[in-house]
Every structure is written in structure tokens, then in C-alpha cells.
Amino acid sequence: MKTNSLRPLISLRGGRHACRTYSSLSERLHRELTARKLPLTYDYLHPQPSHLLNLTLRDLLTHSQASSDNATLPSLHNPSPLPVGQHLIYFPPQVTLSQLLPDGTDTLHTPGDPFNRRLWAGGNVRFPVRSPLLDGSRAVCIESIRNVTVKGREGDEKVIVTIERRIGKVPEQETADQTWGRIWKENKDNVGESSVIENRDLIFMRLKSSAQIEADKAQFGKPGRILRRATFRHALIPTKALLFRFSALTFNAHSIHLDKGYTQDQEGYPNLLVHGPLTLTLLLSVLHQQMSRSNLRISDIEYKNLAPLFVEQQLVICGKPKNGTGSWDVWIEGPDGGLAVRCTAHTTSE
């Protein structure tokens, strides 16, 4: 299998030589990855994926868009808008089995050896216009690697790859160049004709040694930072069935969400991890429920994943208004009350 592998790193002992090598690594990865041309991903905005996700979330989200008693597939003749955050189940990675790495992740964004572990660190999402209708129209997701940074000491670096995704509807006969010109803009502040603009920060790391795995196992269960005051709180327990269904809807084969043995033995976690995009979907769904009561819609959200969330353990989605500015502090607490996800959301009138 061909991958975009890196040359082996040279072990150095500090000094100016080490600094130059570290800088060279960062510069080379930035140059190589930001120049990588990612394929356009097309999809049709049919209601079926959203409908299946709503059925999956119905029992977890009270009085939200997922709690309707109507279990019938919505009609294309009277289409509903794409629910906020559900763009994450459209435009799955269109890769072959040979483009999957041993842990089930794909090769599209990886920096290559020796950075063979991937975690979702956070990002931001903007909704510059009202949600597109689920009317079966053809749409496109344009991806580009905006930035690459390297952090950590030599030999234990973390490579942070920032991916920007722009989503918009596209006519059937439009060429790829025409689509790029309408939707993708080099200026990040120029939304073009995008209906959703998302940035993702993926962290790539080296495989863990046996000693690191055992040390990490010993850390779990220790309490984290605890936040108390909130305007709303919504508790739920993610199940294995939820993780499986979300993996299926998003074409995600990452073993940390599916294989408990792998997650424990190779990553040092006590159980399956809740997906980063699933966490974001749950958070946006609960926040949308709260905002719609005041005739507000979410215009953008920025979030950071601080600690992993695990299957069969309660998580609590919390929020409070921020100084009367239309902004909200939103966060997710783990089972011990510790801070797992921290977000800032901005709203606008419907």
C-alpha cells in the first residue's frame, strides 16, 4: 500500500542542530501537506441519512429535532432543512480499502510515518446562510489542508493538521474548476457560496510504547476540572449501538470507536471512545433545541476537545449565556463532572 510516508527522524541531543531539525520537520510537513490536492467529495442531499440519524438520536435528545413521533422518511416534495450539525454525516470519505491504515483511518490527511495515531482535537463551524434543504440536490464538499503545526519535544512531537471543509450545492453539469471558483476562497473570511464552513484540527502522534500505555491506563478515573453553574444541562449515555450507527453513517472505520481490545491494548483507553464529530453533533443538537425556544439560530461555534468521552459513561451537555452578547459558553462534562469539551457559540435571530 502506498502512503505519504516521511523519512525516519534522526535522534538528536539538543542544541542548535536539534532546533534546525525540528524546524525543518515542521516546515517540510507544512509544505508537503498544504500542497496536497484533496479530491472533491460529492453527495446528494437526500433526507435518508438525516432521517436515520434522527431515529438513532430520538431516545437521547428530548424535545429536539430528533424527537418527532413521525418515523416516516420525509418527502422530497416538502423538504425540510438540513438540521444544524448534521452535515457531518454527509460527504463521507470516498476511499478504497487500500487507502485505510491499520487503525481504520484513511490516508487523506495523514503526515505518514511515524505519526500513525490520530485524534480529533477540535475546530470550528460557521453557518453563514440558512441550512440547505434536503431535497435531493447535488452538493459538494471541498477540502483543503489550511495549516500544519508541530508541537512537543523532539521524539514526542504532535502534528496538528488543520483541515477546512466548504459545503455548497452544485449543478450537475458544473465543472470542478467552476465549483472551486464559486465555493472555495483562499481568504478564510470570504464565505463564497458556502452554506457550511468547517475547520477540523486533527492531531497525529507516534504509536505508544507498552510503558506509555500502562502509564495512561493509570491516569483514567482521576477527576478533572469541575464546572457547576449552567443555564441548561442535558445528560445522556452513549451506547455501543450509537457508536456503531454513527460509524456506519459517516463511513468511519477507526478502531477506537469499534474495537475495545484495540482501544485498550494499543491506545491505553479503558473503553471505546465517542467520536469527535458525534460529540459535536450531540452538542449542536442540544444547543439548537435551547436556542430555538428564543427564536435564535447558531451562526458559528468554536470547540476544543480536552478529555476523551467513553461509551456507556454519562456525559452532560451544559451551557450559559455569555455577558448578554448573544454568545454562549457551552461545555460537556464527563461522568466525574470534569471538563471534556469547551465551546463558544454565537447566535443570530431566526
Side-chain angles (χ1 to χ4, degrees), residues 30 33-34 38 41 82-91 93 108-109 118-132 139-149 151 158-168 183-204 227 246 250 252 274-291 296-309 315 317-323 325-332 339-348:
H30 187 279
L33 290 175
T34 55
L38 300 176
T41 303
L82 175 68
V84 62
Q86 290 197 14
H87 66 282
L88 293 160
I89 61 168
Y90 291 84
F91 312 99
L108 293 176
H109 315 112
R118 188 184 82 177
L119 288 176
W120 188 297
N124 60 75
V125 189
R126 288 182 282 166
F127 305 99
V129 297
R130 295 186 182 276
S131 296
V140 68
C141 177
I142 300 178
E143 278 194 347
S144 183
I145 296 176
R146 280 286 196 185
N147 194 26
V148 179
T149 57
K151 295 184 178 181
K158 293 179 174 62
V159 181
I160 304 171
V161 179
T162 299
I163 304 152
E164 184 164 307
R165 308 171 80 237
R166 293 191 173 219
I167 294 169
I183 296 175
W184 182 262
K185 302 298 177 182
E186 291 302 321
N187 181 350
K188 298 178 184 179
D189 297 326
N190 186 343
V191 301
E193 296 184 28
S194 304
S195 55
V196 180
I197 301 175
E198 179 188 1
N199 282 271
R200 300 176 175 180
D201 289 333
L202 301 181
I203 295 182
F204 293 87
L227 302 179
F246 195 81
T250 55
N252 186 341
V274 179
H275 313 63
L278 173 55
T279 302
L280 180 59
T281 299
L282 293 169
L283 188 150
L284 283 169
S285 298
V286 172
L287 183 60
H288 170 77
Q289 168 194 341
Q290 299 293 326
M291 297 303 98
L296 297 173
R297 72 176 183 89
I298 303 166
S299 59
D300 63 85
I301 187 168
E302 183 171 1
Y303 66 100
K304 187 174 183 179
N305 297 328
L306 303 174
L309 295 163
L315 60 86
I317 301 169
C318 312
K320 63 180 181 180
K322 192 172 184 177
N323 302 325
T325 61
S327 302
W328 284 72
D329 286 324
V330 190
W331 66 94
I332 298 180
L339 187 61
V341 183
R342 183 176 61 220
C343 317
T344 299
H346 298 96
T347 62
T348 187

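For reference, positions follow the sequence shown, starting with 1.
Met291 and Ile298 get closest at one heavy-atom pair: CG-CG1, 4.4 Å. In terms of heavy-atom proximity, Ala345 sits nearest to Leu287 at CB-CD2, 3.6 Å. Considering every non-hydrogen atom in both Phe91 and Thr41, the closest pair reads CD2-O, 3.5 Å. Between Arg146 and Thr34 the shortest heavy-atom distance is O-CG2, 4.0 Å. Residue Lys188 comes nearest to Glu164 through the heavy atom pair CG-OE1, 4.2 Å, listed as atom of the first residue, atom of the second, then distance. Minimum heavy-atom separation, Gly192 to Lys185: CA-CE, 3.9 Å.
Within a 6.0 Å radius of NZ in Lys304, other residues, nucleotides and ligands contribute 12 heavy atoms or fewer.
Counting only distance, with no hydrogens or angles, the side chain of Ser195 and the backbone of Val129 share no donor-acceptor pair below 3.5 Å. A donor-acceptor contact shorter than 3.5 Å links the side chain of Ser299 to the backbone of His346.
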> Could you walk me through whether Val148 and Val159 pass the side-chain contact (heavy atoms from CB on, under 4.5 Å) check?
Replying inline: CA-CA 7 Å; Val148 179; Val159 181; 3.8 Å; yes
> side-chain contact (heavy atoms from CB on, under 4.5 Å) between Trp328 and Thr344: does it pass, once the steps are laid out?
Replying inline: CA-CA 6 Å; Trp328 284 72; Thr344 299; over 6 Å; no
Only distances under 3.5 Å count here; give the side-chain donor-acceptor pairs of residues 275-284 to other protein atoms, sequence neighbours excluded, each with its distance to 0.1 Å.
unit_1	atom_1	unit_2	atom_2	d
His275	NE2	Ser247	OG	2.7
Thr279	OG1	His275	O	2.9
Thr281	OG1	Pro277	O	2.8

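Distance CG/Leu315 to CG/Leu309: 5.5 Å, rounded to 0.5 Å. Atom CD1 of Ile160 sits about 6.5 Å away from atom CG of Asp201, to the nearest 0.5 Å. To the nearest 0.5 Å, the span separating CD1 on Ile167 from CD on Glu143 amounts to 9.0 Å. Asn305 CG to Leu119 CG: the interatomic distance, rounded to the nearest 0.5 Å, is 9.5 Å. Considering CZ of Arg165 and CD of Glu198, their distance stands at 5.0 Å, rounded to 0.5 Å. The distance from atom CZ of Arg297 to atom OG1 of Thr348, rounded to the nearest 0.5 Å, is 6.0 Å.
Side-chain contact check for Ile163 versus Leu202: some heavy-atom pair is nearer than 4.5 Å. Within the 4.5 Å cutoff, the side chain of Trp331 has no heavy atoms near those of the Val341 side chain. Residues Thr162 and Asn199 form a side-chain contact, since some pair of their non-hydrogen atoms from C-beta on lies under 4.5 Å apart. Side-chain atoms of His109 and Leu38, non-hydrogen and from C-beta on, do get closer than 4.5 Å to each other.
When the ring pair (Phe, Tyr, Trp, His ring centres under 6.0 Å) test is applied to His87, no partner is found at least two apart in sequence or on another chain. For Trp120, there are no ring pair (Phe, Tyr, Trp, His ring centres under 6.0 Å) partners two or more places apart in sequence or in a different chain.
The pair Lys322-Asp329 meets the salt-bridge criterion, since a charged nitrogen lies less than 4.0 angstrom from a carboxylate oxygen.
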